[in-house]
Amino acid sequence: MAEPILEVSGLYKHYPLTQGVLFKKQVGAVKAVDGVDFTLRRGETLGIVGESGCGKSTVAKMLVNLERPTAGSIKYKGEDITKLSGRALKAVRRNIQMVFQDPYTSLNPRMTVGDIIGEPYDIHPEVAPKGDRRRKVRDLLDVVGLNPEYINRYPHQFSGGQRQRIGIARGLALRPEVIVADEPVSALDVSVQAQVINLMDRLQNEFKLSYVFIAHDLSIVRHISDRVGVMYLGRIVEIGKDAEIYDHPTHPYTQALLSAVPVPDPEAREHRERIILAGDVPSPTNVPSGCRFRTRCWKAQERCVLEAPPLTVPSHFAQASGPEAHASACHFAEAVPISRSAPGQVVPPEAVP
Ligand SMILES: Nc1ncnc2c1ncn2[C@@H]1O[C@H](COP(=O)(O)OP(=O)(O)OP(=O)(O)O)[C@@H](O)[C@H]1O
Ligand SMILES: [Mg+2]
């Protein structure tokens with residue numbers, strides 16, 4: 001098994017919620033990320049999925065040091081990068097690069113593609129001496145499947161998929177080891193999504209990259225992920241190898257998400273029930289006590305109100321533990337085929353204690 005390249009433990013990001021204009025008083029906190037743990041191994045892709053607002057981008061920003069965690073550690077090859085500053089931090093940042101969601105807004109419209117892709121070299125001139133930059137940028141255009149002759153064009157002259165290729169080329173410019181891709185295909189047409197995912201897959205092999213690949217939807221990360229983590233309200237509620245997650249989800253939330261993924265096989269489609277969750281995602285300023293998913297869960301009982309379930313391998317599963325283990329944060333975790341996991345009823349929020 002490859003060695004860990006990123007080890008995230010006890011990661012929190014709480015944004016203070018203040019009131020008053022002149023004398024700001026803290027009245028609470030937005031618990032954007034509220035206790036996240038995972039390991040990324042070299043050459044692996046970890047998919048992270050979850051609904052809007054569950055904290056995916058905040059995790060991504062902390063991994064690339066755009067945000068400082070409120071608590072917790074992020075180890076890159078064993079060294080906690082949240083404690084670094086100055087040159088040591090700069091050196092690490094070079095190795096962990098981000099690809100952003102929206103290729104329409106993340107590329108400066110006034111810069112040529114050559115300047116956009118070569119911009120990271122301004123901060124790290126040691127990677128590409130001035131005289132060598134254009135050649136390096138042309139190579140990068142070629143690598144992501146764009147004509148190197150386009151080097152002097154502007155972002156608006158490209159399609160959405162091509163723009164995301166430019167974003168990926170920029171992410172590769174410093175030859176990082178880890179790429180954190182925050183919903184890299186969500187803004188693209190469905191027909192283009194697969195092309196960009198295939199490109200990222202190819203680049204992973206070519207450059208021996210490790211990916212954290214974030215998406216809204218389990219179907220998007222399916223083909224690229226080795227393991228998948230499902231987030232809900234600032235936490236990972238289930239994590240495991242992709243086949244485990246897709247074929248034997250154990251957390252009710254994952255089961256609900258999967259029941260909404262389109263299936264091509266008409267017979268399978270007929271036999272499965274769609275789980276419709278009650279209510280909305282609670283606000284991250286007001287996280288439910290105990291299990292944070294209980295207000296929408298059809299299995300919720302009193303224990304779920306009182307006791308937060310840790311992300312562990314359920315004791316009633318005969319399964320190995322360790323970083324690859326299939327872990328679930330549910331007191332009543334149960335591996336049931338998705339077609340049978342639906343309770344066939346929607347629990348009104350007021351029925352849950
Ligand atoms: N700078 C900030 N100040 C206060 N709250 C923030 C800040 N950034 C994010 N949040 C809040 O933290 C929560 C998590 O946001 P985040 O962007 O990480 O979610 P996400 O899972 O990426 O959502 P999406 O799928 O919509 O991109 C949200 O409630 C968001 O409003
Ligand atoms: Mg986001």
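When a ligand or atom number is given, it counts from 1 through the structure's own listing order.
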Which of the numbered atoms in ligand 1 are under 4.0 angstrom from any heavy atom belonging to [X]?
X: E183; answer: 25 (O), 27 (O)
X: A32; answer: 12 (O), 13 (C), 14 (C)
X: H216; answer: 25 (O)

Using a strict 4.0 Å threshold on nitrogen-to-oxygen distance, state whether [X] and [Y] make a salt bridge.
X: E244; Y: R227; answer: no
X: E206; Y: R202; answer: yes
X: K208; Y: E177; answer: no
X: R296; Y: E51; answer: yes

- Message: Please verify the inter-ring angle class for Y12 with H14; under 30° counts as parallel, over 60° as perpendicular, anything in between as tilted.
- Response: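 The rings of Y12 and H14 stand perpendicular, inter-plane angle above 60°.
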- Task: Look at the side-chain heavy atoms of Ile, Leu, Val, Met, Phe, Trp and Tyr, link any pair under 4.5 Å apart, and say whether Y232 and L218 land in one connected group.
- Result: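 Cluster IDs for Y232 and L218 match.
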- Verify the contact flag for atom 11 (C) of ligand 1, where contact means a protein heavy atom under 4.0 Å away.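 When distances to the protein are checked, atom 11 (C) of ligand 1 has a heavy atom within 4.0 Å.
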Can you find an N/O atom of [X] closer than 3.5 Å to an N/O atom of ligand 1?
X: K56; result: yes
X: G55; result: yes
X: S57; result: yes
X: S52; result: yes

Could you find the nearest protein heavy atom to [atom] and give me its residue, atom name and distance?
atom: atom 29 (O) of ligand 1; value: P284 CG, 3.3 Å
atom: atom 14 (C) of ligand 1; value: G53 O, 3.3 Å
atom: atom 1 (N) of ligand 1; value: Y15 CE2, 3.4 Å
atom: atom 30 (C) of ligand 1; value: V30 CG1, 4.8 Å

- Query: Where on T58 is there a heavy atom closer than 4.0 Å to ligand 1, on the side chain, on the backbone, on both, or on neither?
  - Reply: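 Answer for T58: both.
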- Could you tell me whether a side-chain N or O of S225 sits under 3.5 Å from a main-chain N or O of V228, the two making a donor and an acceptor?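 Side chain of S225 to backbone of V228, a donor-acceptor pair under 3.5 Å: no, none is there.
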- Task: Using a cut-off of 6.0 Å, state whether more than 12 heavy atoms not belonging to Q19 lie near its atom CD.
- Result: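 No - once you tally the heavy atoms of other residues, nucleotides and ligands closer than 6.0 Å, there are 12 at most.
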- Query: Quick check: does T58 put an N/O/S atom under 2.8 Å from the Mg ion (ligand 2)?
  - Reply: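 False for T58.
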- Message: Let's go through T254 and E238 carefully: what are the C-alpha distance in whole Å and the side-chain angles of both, what is the deciding distance for side chain to side chain donor-acceptor pair (under 3.5 Å) to 0.1 Å, and is it a yes or a no?
- Response: CA-CA 7 Å; T254 314; E238 182 163 7; 2.7 Å; yes
- Task: List the steps and the verdict of ring pair (Phe, Tyr, Trp, His ring centres under 6.0 Å) for F293 and H251.
- Result: CA-CA 10 Å; F293 183 60; H251 195 287; 5.6 Å; yes
- Message: So for G50, does at least one of its heavy atoms come nearer than 4.0 angstrom to any atom of ligand 1?
- Response: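 Contact absent.
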